[in-house]
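The structure under discussion appears below in the form of structure tokens.
Counting starts at 1 for both ligands and their atoms, following the listed order.
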Amino acid sequence: MATFPEKGRTEKEILKEINEAKKLDLDFSSGKILGSMCTEPSHIGKKVHQMFLESNLGNPGLYQGTKNIERKVHEAVGSLIGGEYDEVLSVGGATEGNIIALWRARNVSGKRKVLLPESAHFSFQKACNLLDMESVYIPLDDEYRVDVSAIKDEIDGDTAAVVGIAGTTELGQIDPIDEIAELCDDIFFHVDAAFGGFVIPFLKELGYQESCYNFEFKNIDTYVLDPHKMGMSTIPLGLMFSKEGSPLSIESPYLTGKDQKTIRGTRASASIPAFWATLNYLGKEGYREIVKVCMNNTRYLIEKMGDIGFKPIIDPVMNIASFHLEGPKRIVEGMAKEGFNISRTVNPPGLRFVIMPHVSKTSIDEMIKVLGE
Ligand code: 0PR
């Protein structure tokens, strides 16, 4: 049992303990993390992050420089995803973004029913529980995209919001966002592009996706994407774009800003300048190249998994590949004992891999060798 020390300890002693603890953390550079949606941030991102450790945009008047950079981040990402928007919030990640989106839908519509694809991330369960909203799960089609006709059948006078996913957590699949938007003239439509937001624009340019979409559909009300996933940013950073200004404005009289619209009050904000540095360092060209390499490596993984008898659940849409397997938990745990982080899917059961930029063909080969054994 740890106790709160009576007297301070020496720096040497403390750092020794901290370094021991750090050794137990997996490291992206080991190539052994194949089940995470995060990756090693760019060197410039890490450097800049350290410069802003005190920055807190919950009290923006004290951090005008950070605030100015935040505005540039919002504008730049807005220009990447296209479409019109009235407001952008920096959030801690898509969990916070998804909660705020449903919060807004509930308060504006006065209704409580949310139509969610069966593939929706578990953060929506948190949101519905917290907001006392009713989740209705919509089945998926053969390709694990939400069934649009089932959404149509389910929409009624109690529906507050419909959710679509652009890059599902388990399979990286993209729901038919354009078709869902058609149904949402009078209903809030929220798109969770946490993972896909920084992949889809480049997939399109690389010719992987014939038709792609962005924020342009007139009926998308809110759109969340995470720089801390394929945006290559340091954590935590999500961005939430909204068509209409937020009805959720809580006055913050004793702080330097007039109000707060996020769930968090004090907001660690170092990831915002870190992301600005990263996106400027990489440019679209850099992101395009990263997506290209990740897609090539995803195909390589599928080939190698095929050699040891695994079948992909869908043809990969982005750099997530999952493979049919009954009872995957045992294998995931066995691989963890060998030092590898891989993940699993629930619907349908299988092994799940996220081929992030830190995953190379060599790390895939090393993992396959152990998995095969
Ligand atoms: N929406 C989608 C589609 C997601 O995949 C995720 C996270 C979220 C929302 C929530 O995002 P935040 O957790 O950033 O708020 N999906 C990953 C998952 O749960 C998150 C993750 C990240 C998991 C890093 C592991 C990891 O090492 O699988």
Side-chain angles (χ1 to χ4, degrees), residues 25-41 89-103 114 116-130 135 137 140 144-146 161 163-175 177 180 190-200 222-241 262-264 267-268 271-272 275 294 317-322 328-329 332 335-336 339-347 350-359:
D25 287 0
L26 276 189
D27 204 318
F28 288 119
S29 64
S30 70
K32 291 189 167 180
I33 303 181
L34 293 97
S36 171
M37 287 185 158
C38 293
T39 192
E40 184 158 0
L89 297 178
S90 303
V91 290
T95 298
E96 189 180 358
N98 290 338
I99 293 171
I100 295 175
L102 296 195
W103 188 4
V114 186
L116 292 168
E118 274 178 3
S119 53
H121 185 257
F122 56 75
S123 48
F124 288 101
Q125 291 178 34
K126 296 184 187 177
C128 289
N129 187 295
L130 193 66
S135 48
Y137 282 93
L140 310 179
Y144 299 91
R145 292 187 198 97
V146 73
V163 171
I165 318 288
T168 60
T169 310
E170 295 202 334
L171 303 177
Q173 183 56 281
I174 306 175
D175 285 331
I177 302 299
I180 306 172
H190 171 59
V191 174
D192 177 354
F195 190 79
F198 288 97
V199 184
I200 292 167
T222 44
Y223 183 98
V224 71
L225 73 170
D226 277 349
H228 73 206
K229 295 188 170 76
M230 281 296 283
M232 310 288 299
S233 176
T234 55
I235 56 173
L237 186 56
L239 296 172
M240 155 124 173
F241 287 75
T262 52
I263 294 173
R264 292 173 307 158
R267 283 196 282 138
S271 56
I272 296 169
F275 179 49
C294 290
V317 175
M318 46 188 82
N319 48 327
I320 298 179
S322 299
K329 202 167 164 209
V332 171
M335 288 298 283
F340 287 93
N341 162 250
I342 65 172
S343 171
R344 66 188 168 101
T345 57
V346 175
N347 178 27
L351 294 180
R352 167 179 175 260
F353 299 86
V354 190
I355 304 305
M356 295 298 287
H358 61 271
V359 179

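- Ligand 1 is never approached by K126 to a heavy-atom distance shorter than 4.0 Å.
- Per-residue contacts place G167 under 4.0 angstrom from the following atoms of ligand 1 (heavy atoms of the residue considered): 3 (C).
- For ligand 1 and H228, the ligand atoms under 4.0 Å from any heavy atom of the residue are 14 (O).
- Once rounded to the nearest 0.5 Å, the distance linking CG of L26 with CG of N341 reads 6.5 Å.
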Quiz item: Do C128 and L102 pass the side chain to side chain contact (heavy atoms under 4.5 Å, CB included) test, and can you show the C-alpha distance, the side-chain angles, and the key distance before you say yes or no?
Solution: CA-CA 8 Å; C128 289; L102 296 195; 4.1 Å; yes
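- Ring geometry for Y223 against F241 counts as perpendicular: the plane angle is over 60°, on a 0 to 90° scale with 30° as the lower cut.
- Only one option out of Q173, R145, E118 pairs with L140 in a side-chain contact (heavy atoms from CB on, under 4.5 Å); it is E118.
- In this structure, S343 falls outside the shell of residues with a heavy atom less than 4.0 angstrom from ligand 1.
- If you take CZ on F195 and OG1 on T169, they are separated by 9.5 Å, rounding to the nearest 0.5 Å.
- Counting protein heavy atoms only, atom 20 (C) of ligand 1 is closest to K229 CE, 4.1 Å.
- Here the NE2 atom belonging to H121 is positioned 5.5 Å from the OG1 atom belonging to T95, to the nearest 0.5 angstrom.
- Ligand 1 lies nowhere less than 4.0 angstrom from a heavy atom belonging to T168.
- For atom 23 (C) of ligand 1, the closest heavy atom belonging to the protein is M37 N, 4.7 Å.
- Summary of contacts: the protein heavy atom closest to atom 3 (C) of ligand 1 is T169 OG1, 3.3 Å.
- In this structure the side chain of S36 never reaches within 4.5 angstrom of the side chain of M356, judged on heavy atoms.
- Of all atoms in ligand 1, listed by their number and element, those nearer than 4.0 Å to a heavy atom of D226 are 11 (O), 14 (O).
- Counting heavy atoms only, H121 comes closest to atom 6 (C) of ligand 1 of the residues E170, H121, R352.
- When atom types are taken as modelled, the side chain of H190 and the backbone of V163 share no donor-acceptor pair closer than 3.5 angstrom.
- Of all the heavy atoms of S36, the ones lying under 4.0 Å from any atom of ligand 1 are found in both the backbone and the side chain.
- Residue F122 approaches ligand 1 through these ligand atoms, each under 4.0 Å from one of its heavy atoms: 19 (O).
- The part of D192 lying near ligand 1 is the side chain, judged by heavy-atom distances below 4.0 Å.
- Scanning the protein for heavy atoms near atom 15 (O) of ligand 1, the closest one is T95 OG1, 2.6 Å.
- Proximity of a side-chain donor or acceptor of R267 to a complementary backbone N or O of T262 within less than 3.5 Å is not detected.
- Taking every non-hydrogen atom of N98 and a distance limit under 4.0 Å, the qualifying atoms of ligand 1 come out as 9 (C).
- The CG atom of N347 lies 10.0 Å from the OG1 atom of T168; values are rounded to the nearest 0.5 Å.
- Close contacts between ligand 1 and A194 involve ligand atoms 1 (N), 2 (C), 9 (C) [criterion: under 4.0 Å to a heavy atom].
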